[in-house]
2 protein chains.
Amino acid sequence: MDSGKDTSQRILDAAECLFVEHGFAGTSMRQITSAAAVNISAVNYYFGSKDGLFQAVFERRAEPFALLSIAKLNALQLAKPACSAVDIAQAFMGAALEMGRQPEHGGLVFVKLLARSYVEPHPRLKEKLPLRYGELTQRYLAAMRLALPHLSDMEVAWRFQFMSSTMFNAFAGNNVMRLFMTQPIVNARDPHKVAEMLLPFIAAGLNSPAAELVTPSTTEV
Amino acid sequence: MDSGKDTSQRILDAAECLFVEHGFAGTSMRQITSAAAVNISAVNYYFGSKDGLFQAVFERRAEPFALLSIAKLNALQLAKPACSAVDIAQAFMGAALEMGRQPEHGGLVFVKLLARSYVEPHPRLKEKLPLRYGELTQRYLAAMRLALPHLSDMEVAWRFQFMSSTMFNAFAGNNVMRLFMTQPIVNARDPHKVAEMLLPFIAAGLNSPAAELVTPSTTEV
DNA sequence: GTCTATATTCCGATAGAC
DNA sequence: GTCTATCGGAATATAGAC
């Protein structure tokens, strides 16, 4: 029998793919259990509800990805205490790439789920995510502040935001081209090639001079 | 009576907001008609179906936005035939900003709808959008190729893609911070301030040197 | 743990009175 | 054009046999 995986894991795998493709509201439990070839009531047995299933789908990958991202930064700062913004960007991208290289961690599916959650955050994420990713964000922001002393803390945060949205969307394959053109001319099949295209853009963007503020007041909350 | 707008327009307005906030599948016709304070059967009367309503919501803004974007580029190329990549980026951003300035065009709501469609394209968009936005994309790509002669056509397309995803997400207020941190430190309330933050990042990214290809083969389809 | 059967609610869509 | 009423189906969730 090739279906050696147990029921709950098959549900998680199927749900992960379907949530990425059609979103939470756009995916029914019947689709999930049908794709996983399990009985429909198994979802409630293992996860309590559809909401609970989503949470489980996310939590399975969240911790490994956070740990991986922080480990990449730790390794970088150990090897090169005065690291540049480009080094930091590469560490961040490296975490996504390494995740994509590990089939046991779902490959790039979780990065795609992150890209989607970015636009359409599930209610339960708003409670749990800050606690789990707060440290990651703080660590990367602190590193970037050191590497970009010519920028204010606020502008560093903006650039981290720009870097993240560009990266996540690129790895997730969310192309304007795919949407706007009959014949797409960019393709995100190989994540390493995407990373090669990304790097000069992001590196130059991070290191660019501070914004010339036309409006004098702050952009902060 | 302050509800001077007619029924179909009130439906469009309510649906536009709800689709942006909860997505197509996550929004029911009952939510829409309730928010619009109209009878539920009015949707079918005016738009035939929920799908038809989505298409109408999109098409109301699609043409004005496309025309505005192209007009910005026309004006730029007339005033400055040898325009730079930064000029082009500003023209593109200018279209979104001007759309945001016009309440009769829904302000920034359509940009947010674009940002969402980017991740979760409605089936009907895949047919209609390339025809409507194909010219826009081709025009901007052609202008960028002239302004960035050191890049291959393919790499220019990638950078247009990076620029678009960063812009749309920034204007739509899709922040990693909002998702990852308890206390968000960036805020996208004023689109002009967002644009000020965006410009140096995107300008430097567009003008950065070509990627060093480690893998020799092409990234094209 | 896995299944069938079912409860209950909500969905989009339509028919027909006015 | 706008309303009420309702249809048929699909959604999540649960109860209970095995």
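The chains referred to below are lettered A, B, ... by the order of the sequence lines, with proteins before strands, and numbering in each begins at 1.
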task: Could you tell me from which nucleotide to which nucleotide of DNA chain C, 5' to 3', there is an atom under 4.0 Å from chain B heavy atoms?
output: dC11(C) to dT14(C)

field: Listed partners of A35(A) passing side-chain contact (heavy atoms from CB on, under 4.5 Å), at least two apart
entry: A14(A), L18(A)

Pairs meeting criterion salt bridge (Lys or Arg N to Asp or Glu O under 4.0 Å) with involvement of residues 49-59 of chain B, two or more places apart: E59(B)-R132(B)

- prompt: Mind checking what makes side chain to side chain donor-acceptor pair (under 3.5 Å) contact with Q161(B), not counting sequence neighbours?
  reply: Y118(B)

task: Taking only heavy atoms on the protein side, list every residue of residues 23-30 of chain B lying under 4.0 Å from any atom of DNA chain C, sorted numerically.
output: T27(B), S28(B), M29(B), R30(B)

- request: Write down the distance between NE2 (H22(A)) and C1' (dA11(D)), rounded to a whole number of angstrom.
  value: 17 Å

task: Strictly below 4.0 Å, heavy-atom distances to any atom of DNA chain D: list the hits from residues 33-46 of chain A, or just say none.
output: S41(A), N44(A)

task: Identify, with sequence neighbours excluded, every residue that meets side-chain contact (heavy atoms from CB on, under 4.5 Å) alongside L108(B).
output: V111(B), P191(B)

- prompt: Do the ring centers of F54(B) and F47(B) come within less than 6.0 Å of each other?
  reply: no

message: Tell me which pairs pass salt bridge (Lys or Arg N to Asp or Glu O under 4.0 Å) where either residue lies in residues 25-43 of chain B, with sequence neighbours left out.
response: none

- prompt: Going by the salt bridge (Lys or Arg N to Asp or Glu O under 4.0 Å) test, which pairs reach into residues 95-105 of chain B, not counting sequence neighbours?
  reply: K72(B)-E98(B)

query: P64(B): what forms a side-chain contact (heavy atoms from CB on, under 4.5 Å) with it, not counting sequence neighbours?
result: H105(B)

Side chain to side chain donor-acceptor pair (under 3.5 Å) involving R159(A) - partner list, sequence neighbours excluded: E155(A), S208(A)

- prompt: Taking only residues two or more places apart in sequence, or in another chain, which ones meet Q90(A) in a side chain to side chain donor-acceptor pair (under 3.5 Å)?
  reply: none

